[in-house]
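So you know, we letter chains A, B, ... as the sequences are listed, proteins then strands, and number each from 1.
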Number of protein chains: 2
Amino acid sequence: MVDGAIAILDQYGLADLTMRRLATSLHVQPGALYWHFPNKQALLGAVADRILGPMDEPVAADEWAEQITELAHRLRECLLAYRDGAELVSATYASRLTTSKGRERLASAAIRAGMTREEADLAAYTLLYYVLGQTVDEQSRIQMDSMGALAEEHSPLYDTTDATSRFDFGLQLFISGVRHLLGTRVR
Amino acid sequence: MVDGAIAILDQYGLADLTMRRLATSLHVQPGALYWHFPNKQALLGAVADRILGPMDEPVAADEWAEQITELAHRLRECLLAYRDGAELVSATYASRLTTSKGRERLASAAIRAGMTREEADLAAYTLLYYVLGQTVDEQSRIQMDSMGALAEEHSPLYDTTDATSRFDFGLQLFISGVRHLLGTRVR
DNA sequence: ACCTGAACACCGTTCAAGT
DNA sequence: ACCTGAACACCGTTCAAGT
């Protein structure tokens, strides 16, 4: 059922991931889906969890900055792995982000860096918002490009630097910020 | 027409801001709206522009860090000024963010800080993603609280620190990051 | 120039009833 | 336990025709 939803998402996009379409693809009446999920939102939540599955795997790095870099990149890759993945997760985890797999681990890395629990949680959110926003944008641009190869020169900025470097720029800005906050306190 | 849309948004929320409902409130047939706007997306774009209107007013500060702080706070306030304002702007400005009023000014402040045009643009996006994500979350929590005064202890984190302080934490992280990037280069 | 009437092709959700 | 049939209350969008 979640597999069916993922298949529709990846082939036709989030806009076409409707309960009726999913029902049809499963050779079932629309109402049948409501025996398995209370509503569409819950179904999308299950899809989001599936997309974020790889976030549960262990991190290789043991230095905090490397851990954060690794987690942020892995999150981005999860989101980019399915069509409209970033948009779906972003929409589904509106404030339910709290339960997010990556969030807790990001916070742990921030604690290892020397932050208090409270600071680490805030920092984790900050980075999460960045990764989600950035990746939604990036993916929507991929979508646009794959369609009309849009009007002449697209956004002037996006030719020069490739997507991963752009992602890393914001990520480094964040890590530098954390380092600075810690640095002014310790030494 | 945009005024009517804003009124519905503020009273009933984004989910109830439908073309048919707007038409009814204007004592007009649904189809009539399509003489003024090509589609719903365009209408929402106009609403988003209205919400972000105050972003055009001049900034008081002349030091870059203060300018950025001022702009970020003002953006947050614009988004919080209407029900579901953050969600609407966030959804509407998916990648059309480029045209955003605040983005260019944020980039200007970053240039004044000593960044190149390219870095400044990237930094502006980074901050924008943060402000949008953070404010969408904050506003959705306000909405939830105003309704069911939800289950017992809500998110453990969100009692302790108030919303503006949480916002400032991420903002300072960003500014510190910018300062660090510049600092390691200049001196 | 601006709107009506009426349709088209959809949605999510509910719920008795069937097997 | 799991699904069908059928309905309810909606959507966004189009377009001839009216004024």
Rounded to the nearest Å, what distance is computed from the [atom1] atom of residue [X] to the [atom2] atom of nucleotide [N]?
{"X": "K40(B)", "N": "dC11(D)", "atom1": "NZ", "atom2": "P", "answer": "9 Å"}
{"X": "L43(A)", "N": "dC11(C)", "atom1": "CG", "atom2": "P", "answer": "14 Å"}
{"X": "W35(A)", "N": "dT19(C)", "atom1": "CH2", "atom2": "C1'", "answer": "14 Å"}
{"X": "L44(A)", "N": "dG12(C)", "atom1": "CG", "atom2": "C1'", "answer": "12 Å"}
{"X": "R20(A)", "N": "dT13(C)", "atom1": "CZ", "atom2": "P", "answer": "11 Å"}
{"X": "Q29(A)", "N": "dA16(C)", "atom1": "CD", "atom2": "C1'", "answer": "15 Å"}
{"X": "L22(B)", "N": "dC11(D)", "atom1": "CG", "atom2": "P", "answer": "12 Å"}
{"X": "H36(A)", "N": "dT13(C)", "atom1": "NE2", "atom2": "C1'", "answer": "16 Å"}

Quote, to the nearest angstrom, the C1' distance that separates dC8(C) from dC11(D).
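One C1' to the other, the span is 12 Å.
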What distance, rounded to whole Å, do you find between the two C1' atoms, one in dC2(C) and one in dA17(D)?
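Nearest-Å result for dC2(C) against dA17(D) at atom C1': 13 Å.
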Under 3.5 Å for both donor-acceptor distances, Watson-Crick or wobble: does dC2(C) have a partner, and if so which one?
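Its partner is dG18(D).
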Counting only Watson-Crick pairs (N1-N3 plus N6-O4 or O6-N4) and G-U wobbles (N1-O2, O6-N3), all under 3.5 Å, who is the partner of dA7(D)?
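Pairing partner: dT13(C).
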Hey, is the main chain of A61(A) close enough, under 3.5 Å, to the side chain of E66(A) for a donor-acceptor pair?
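Not confirmed, E66(A) side chain does not pair with A61(A) backbone.
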Backbone N or O of M55(A) within a donor-acceptor pair of the R105(A) side chain at under 3.5 Å?
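Pair found, side chain donor or acceptor close to backbone of M55(A).
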Distance under 6.0 Å and angle within 45° of the ring axis: does R166(A) meet both against Y125(B)?
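No; the conditions do not both hold, so R166(A) does not lie above the ring face of Y125(B).
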Side-chain heavy atoms under 4.5 angstrom apart, residues restricted to Ile, Leu, Val, Met, Phe, Trp, Tyr: same cluster for L80(A) and Y12(A)?
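No, it is not one cluster - the side chains of L80(A) and Y12(A) are not joined through contacts under 4.5 Å.
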Quick one: which of dG12(D), dC3(C), dT13(C) gets closest to the side chain of M19(A)?
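Taking heavy atoms from C-beta onward, the closest nucleotide is dT13(C).
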Specify whether Y129(B) and Y130(A) have parallel, tilted or perpendicular ring planes, treating 30° as the upper limit for parallel and 60° as the lower limit for perpendicular.
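Judged by the thresholds at 30° and 60°, the geometry between Y129(B) and Y130(A) is tilted.
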Does Y34(A) make a side-chain N or O approach to OP1 or OP2 of dT13(C) shorter than 4.0 Å?
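Checking Y34(A) against dT13(C): at least one side-chain N or O falls below 4.0 Å of OP1 or OP2.
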